[in-house]
Amino acid sequence: MTTSTDNFKVYRNFAELEGEFQILIKKAEEALKTSYSPYSGFTVGAALELTDGSFILGANQENASYPAGLCAERVALFQKGAVAPNQKIKALAVVAKRREEKNYRSAGPCGMCRQVMLEFEQAQAQDMKVLFKGDGETWILSHSSSALLPFSFGKDNL
Ligand code: THU
């Protein structure tokens with residue numbers, strides 16, 4: 001059984017996810033291994049599934065000058081912009097955990113990443129799904145990026 005609203009779907013556990021999403025989460029797990037997070041000890045991996053079936057991965061990259069670091073989601077998104085600008089993104093998955101722990105934390109994308117996700121979604125004129133861990137064993141699927149940033153500011157407001 002799943003709980004759904006217009007914008008979001010809540011899966012009770014990993015096994016309930018469609019195979020395509022399970023694969024994308026596995027890619028995000030793979031990405032997490034390249035996290036450079038000596039300051040926070042918080043490792044984050046993100047994976048994008050493009051419409052041609054390929055994947056782009058990113059992990060958080062920190063810096064001794066803390067604000068200079070970048071979240072996993074934006075590392076992956078900007079990488080996509082740099083290497084596959086003409087492709088569209090079907091979905092983004094993100095996983096996060098403390099380095100010393102085994103289990104993933106409940107962690108939706110931060111506000112700045114949501115803003116960047118919105119820009120990519122608007123540019124491609126196609127919804128970008130976003131998948132992340134909810135409480136307990138649950139996983140949350142947002143059917144679009146815009147749903148994660150209500151009353152947003154975007155290029156149409158300029
Ligand atoms: N972080 C991400 O990579 N994505 C998010 O959406 C939230 C936070 C990273 C940034 C920093 O390296 C660490 O997690 C702790 O905030």
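In each ligand, atom 1 is the first atom listed, and ligand 1 is the first ligand listed. Side chains included, hydrogens not; waters and symmetry mates left out as well; all remaining heavy atoms used. Positions are given from 1 along the sequence.
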Original post:
Charged N to carboxylate O below 4.0 Å: is that the case for Lys129 and Glu20?
Top reply: no
**OP:** Within a distance under 4.0 Å of any heavy atom of Ser40, pick out the atoms of ligand 1 and give their elements.
**Re:** 13 (C), 15 (C)
Original post:
Just to confirm, does any protein heavy atom lie below 4.0 Å from atom 6 (O) of ligand 1?
Top reply: yes
**OP:** Evaluate the ring planes of Tyr39 and Tyr66, with Trp represented by its six-membered ring, and classify them as parallel (under 30°), tilted (30 to 60°) or perpendicular (over 60°).
**Re:** tilted
Subject >> Identity of the nearest option to atom 13 (C) of ligand 1, non-hydrogen atoms only, from Arg98, Met112, Glu73, Glu62 >> reply: Glu62
Subject >> Identity and separation of the nearest protein heavy atom to atom 16 (O) of ligand 1 >> reply: Phe42 CD2, 4.7 Å
Original post:
Please state which protein non-hydrogen atom is closest to atom 3 (O) of ligand 1 and give its distance, to 0.1 Å?
Top reply: Ala72 N, 2.9 Å
**OP:** Determine, using heavy atoms of Pro109 and all atoms of ligand 1, whether some pair is separated by less than 4.0 Å.
**Re:** yes
**OP:** Could you tell me the residue and atom name of the protein heavy atom closest to atom 9 (C) of ligand 1, and the distance to it rounded to 0.1 Å?
**Re:** Asn60 ND2, 3.7 Å
Subject >> Verify same cluster id: Leu131, Leu149 (apolar side-chain graph, 4.5 Å) >> reply: no
Subject >> Cation-pi, Phe55 ring and Lys27 (6.0 angstrom, 45 degrees) >> reply: yes
Original post:
Quick one: does ligand 1 sit under 4.0 Å from the side chain of Cys71, the backbone, both or neither, non-hydrogen atoms only?
Top reply: both
**OP:** Assess whether side-chain contact (heavy atoms from CB on, under 4.5 Å) is satisfied between Glu73 and Leu92, documenting all intermediate values.
**Re:** CA-CA 8 Å; Glu73 296 93 321; Leu92 178 159; 4.2 Å; yes
Subject >> Where ligand 1 meets Val44 - atom numbers and elements under 4.0 angstrom, heavy-atom basis >> reply: 1 (N), 2 (C), 3 (O), 4 (N), 9 (C), 14 (O)
**OP:** Taking the six-membered ring of Phe14 (Phe, Tyr or Trp), confirm whether the NZ or CZ of Lys26 is under 6.0 Å from its centre and within 45° of its axis.
**Re:** yes
Original post:
What about Cys113: any of its N or O atoms under 3.5 Å from an N or O on ligand 1?
Top reply: no
Subject >> Electrostatic pair Glu101:Lys97 at N-O distance under 4.0 angstrom >> reply: no
